[in-house]
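Read the numbers this way: they start at 1 and go in the same order the structure lists the ligands and their atoms.
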Amino acid sequence: MSRTLPALLSAMVVAIAFGGAAQAQRPTFETTKVDGTDTVYIFRYQNHQSMFVVTPAGVVVTDPIGHARPQAVRTYIDEIRKITQAPIRYVIYSHQHFDHIAGGKPFKDLGATFVAHRRARERLEAIKYEDAVIPDEVVDERRVISLGGTQIELTFVGRNHSDNSLVMRLPKEKVLFAVDFIPLQAVSSFAFHDGYPVEWDESLKKVLAMDWDKLIPGHPFAGGLGTKKHVEELLAYMTELSAEVKKAAQAGKCWEDAEKEVRLPKYAHWANYERGIASNIRRYCGYWGRGF
Ligand SMILES: [Zn+2]
């Protein structure tokens, strides 16, 4: 059960950071079609987002986003049914964290095949969390799902925020869905996770090398839709912070002094900056200062 509490904490941090007053006016949920596509939709429920793809042959759903709120999944299905009566064929998990993938049983009951990275299934089998459907099929490096004239490419781009994140790309529509490892203009608190610094940067470079225009993130930062510029900014932030903490570690300042002293003011306007950067410094201190 050691991963359960960190996953919960991370969900809470995101909820606190991104549930501020500016968003209090928003409706609880919202379904929007991605501009420039006929098939790609974003379902947002409170502070989580999930992509779904509608084809004449069926619907591909991604994260159920139903952790501790079964009404979110009922709403998700109702929203799909307003658009199409085609069968829901697949549910694809972005990574194994419960705040994104729990609650999918109603999709299972409708006959969907569940797909995830192999390590996500291994983790879920080990944890045995009762509200997480165990994936039927797994991906190691890459798989393309073709349905009703639409292709969805699933790629493992390396370890980052988790060790089992799948990036989902629609080559024709040039849309990418990536969850939690590419926050838009926000600092995620990754000391709480089994985050993989430095390797994370490599996965961002792989994402940048792919052909796409629009990024759907798992949380509605920066308006809920991103571009390559957001990924470049995040990569710059992580590279700069890593270099600063490496210097601090070599000067013997890890942990507390580094967490207090190291700052990157040009990112201070990002959501969750103060809380997030301290947690990021802790993780980099582990990497550069302790060999973790
Ligand atoms: Zn996560």
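Draw a line from the Zn ion (ligand 1) to NE2 of His161 and another to OD2 of Asp180, and the angle between them is 100° (to 10°).
The atom name of the N/O/S atom in His97 closest to the Zn ion (ligand 1) is ND1.
Between Phe221 and Trp270, the distance from one ring center to the other does not fall under 6.0 angstrom.
A search for side-chain hydrogen bond (donor to acceptor under 3.5 Å, both in side chains) contacts involving Ser50 returns Thr62, Tyr76, not counting sequence neighbours.
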What pairs of donor and acceptor atoms, side-chain ones from residues 132-141 against any protein atom, are under 3.5 angstrom apart with sequence neighbours left out?
from: Asp136; atom 1: OD1; to: Lys108; atom 2: NZ; distance (Å): 3.1
from: Asp136; atom 1: OD2; to: Lys108; atom 2: NZ; distance (Å): 2.7
from: Asp136; atom 1: OD2; to: Phe114; atom 2: N; distance (Å): 2.7
from: Glu137; atom 1: OE1; to: Arg143; atom 2: NH1; distance (Å): 2.6
from: Glu137; atom 1: OE1; to: Arg143; atom 2: NH2; distance (Å): 3.1
from: Asp140; atom 1: OD1; to: Arg118; atom 2: NE; distance (Å): 2.7
from: Asp140; atom 1: OD2; to: Arg118; atom 2: NE; distance (Å): 3.4
from: Asp140; atom 1: OD2; to: Arg118; atom 2: NH2; distance (Å): 2.9

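Here His100 fails the criterion, with no N, O or S atom under 2.8 Å of the Zn ion (ligand 1).
In this structure, a donor-acceptor pair under 3.5 Å is present between the side chains of Thr31 and Glu79.
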